[in-house]
Amino acid sequence: MKIGIITSGGDAPGMNVAIRAVVRCAIKNGMEVYGYKEGYKGILENNFERLFNRSVSGLLNKGGTVLGTSRVPEFLNASVQQKAANNLKDFGITHLVTIGGDGTYHGAWELDKLGINTIGIPGTIDNDVSLTDYTLGFHTALNTINDAVDKLRDTSSSHKRCAILEVMGRNCGDLAVHAAVCGGAELINTPENKLKKEEVIESLRKMKNEDRNYALFITTEKMYDNLTDFAHEITEKSGFHAVPTVLGYIQRGGSPSSEDRLLGTQMGIYAVDLIKEGIHGVGVGTRSGKIVHNSFEEIFTTKRKKSKLYDLLKQVS
Ligand code: F6P
């Protein structure tokens, strides 16, 4: 049996761990594994190499993805999807493991419908995939943000400032709300918990009046047209000197955390088990500590629940 594997979309720490697990476990079960380069692009260009046990040595501590990744917007076109399915079929690939986020899953679902038995492993720092508690890379990115928040606290408390930290997440506030709990932020603005500019300013003004020395405000990316301008406005109106920091792509790099190493290994092995059982058209997930799977259809039709951490945050802020 020939299986293909790709990583696609934004890279995430733990992708390499999952590649390693899939390759080693599949080989143990008599399968041949082919790694396609840069996600769906590699499938469209027939750019792949056979992977052996040795090909995936030394990957547990390596961030990014050794297969490379890309975003392929044209993969939304049916003719492009058909071309990819044909390329895979012509080479005899019957199964495909795709590691990535939302966009990757959409492509995976289409390929499954076109006769390539596909399994998704959720790999994105955003944690924006339904029916899994966590995606690969989320915890490592969170550790990076925690480190930044701790450092911002040192400097903002010394200068009595309001530190504004913008974190990634695309349309999902999970990184921000987890970081707020872990780092003790006073204010948080996310797609699930939007605060008007006036509300932010008013809260900060209150804190200043209560003699608070400094404040930490974490916001998900894309919530403001111009964060620097908003920081100026806060400075003018709240009494706090506000300083913005955009953490950016640093969040995507780094050696996978223990959680991501464990999850990547478990999910990779589980994906191969699904292949052995003849199950496809599904995404792997983790729920309450167990590795599970759901059909792509269920994943796309189930709205992600708002994190319970918002309630928890209210209790301690
Ligand atoms: O999906 C992961 C992510 O890092 C998002 O948090 C962010 O919005 C996006 O990717 C950035 O994408 P790109 O690498 O294409 O700039």
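As the structure lists them, so they are numbered: ligands from 1, and atoms in each ligand from 1.
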Novice: Suppose we measure from atom 2 (C) of ligand 1 to each protein heavy atom; which comes out shortest, and what is that distance?
Specialist: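 Ranking protein heavy atoms by distance from atom 2 (C) of ligand 1, first comes D126 OD2, 3.3 Å.
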
Novice: Answer with side chain, backbone, both or neither: which part of R252 has a heavy atom less than 4.0 angstrom from an atom of ligand 1?
Specialist: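 It is the side chain that touches ligand 1; the backbone stays farther off.
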
Novice: Students should be able to answer this: which protein heavy-atom is nearest to atom 16 (O) of ligand 1, and at what distance?
Specialist: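 Checked against all protein heavy atoms, atom 16 (O) of ligand 1 sits closest to Y249 OH, 2.4 Å.
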
Novice: Do the rings of Y34 and F48 sit parallel, tilted or perpendicular, given the 30° and 60° boundaries?
Specialist: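 Ring orientation of Y34 relative to F48: perpendicular.
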
Novice: Begin with the C-alpha distance, continue with both residues' side-chain angles, and end with the deciding distance and a verdict on salt bridge (Lys or Arg N to Asp or Glu O under 4.0 Å) for D133 and R287.
Specialist: CA-CA 5 Å; D133 292 341; R287 285 207 299 278; 5.8 Å; no

Novice: Run I93 and N87 through side-chain contact (heavy atoms from CB on, under 4.5 Å) and show every step you take.
Specialist: CA-CA 9 Å; I93 299 281; N87 283 356; over 6 Å; no

Novice: Under the side chain to side chain donor-acceptor pair (under 3.5 Å) criterion, do Y310 and T190 qualify, and how do the steps go?
Specialist: CA-CA 10 Å; Y310 288 99; T190 68; 2.7 Å; yes

Novice: Identify the closest protein heavy atom to atom 8 (O) of ligand 1: which residue and atom is it, and at what distance?
Specialist: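 Its nearest protein heavy-atom neighbour is E221 OE2, 2.6 Å.
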
Novice: List every atom of ligand 1 that sits less than 4.0 Å from any heavy atom of R71, numbering the atoms from 1 in the order shown and giving each element.
Specialist: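 The atoms of ligand 1 under 4.0 Å from a heavy atom of R71 are 1 (O), 9 (C), 10 (O), 11 (C), 12 (O), 13 (P), 14 (O), 15 (O).
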
Novice: Can you tell me how the ring of Y270 sits relative to the ring of H293, calling it parallel under 30°, perpendicular over 60° and tilted otherwise?
Specialist: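 Rings of Y270 and H293: tilted, 30 to 60°.
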
Novice: Just which atoms of ligand 1 are under 4.0 Å from any heavy atom in K222?
Specialist: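 Result: 8 (O).
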
Novice: What is the ring orientation for H106 with W109, classed by angle as parallel under 30°, tilted 30 to 60°, or perpendicular over 60°?
Specialist: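 Rings of H106 and W109: tilted, as their planes differ by 30° to 60°.
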
Novice: Give a yes/no verdict on whether any heavy atom in G9 is under 4.0 Å from an atom of ligand 1.
Specialist: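 No, G9 has no heavy atom closer than 4.0 Å to ligand 1.
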
Novice: Under 4.0 Å from a heavy atom of M168: which atoms of ligand 1 are those, numbered in the order shown and with their elements?
Specialist: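 Answer for ligand 1: 4 (O), 6 (O).
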
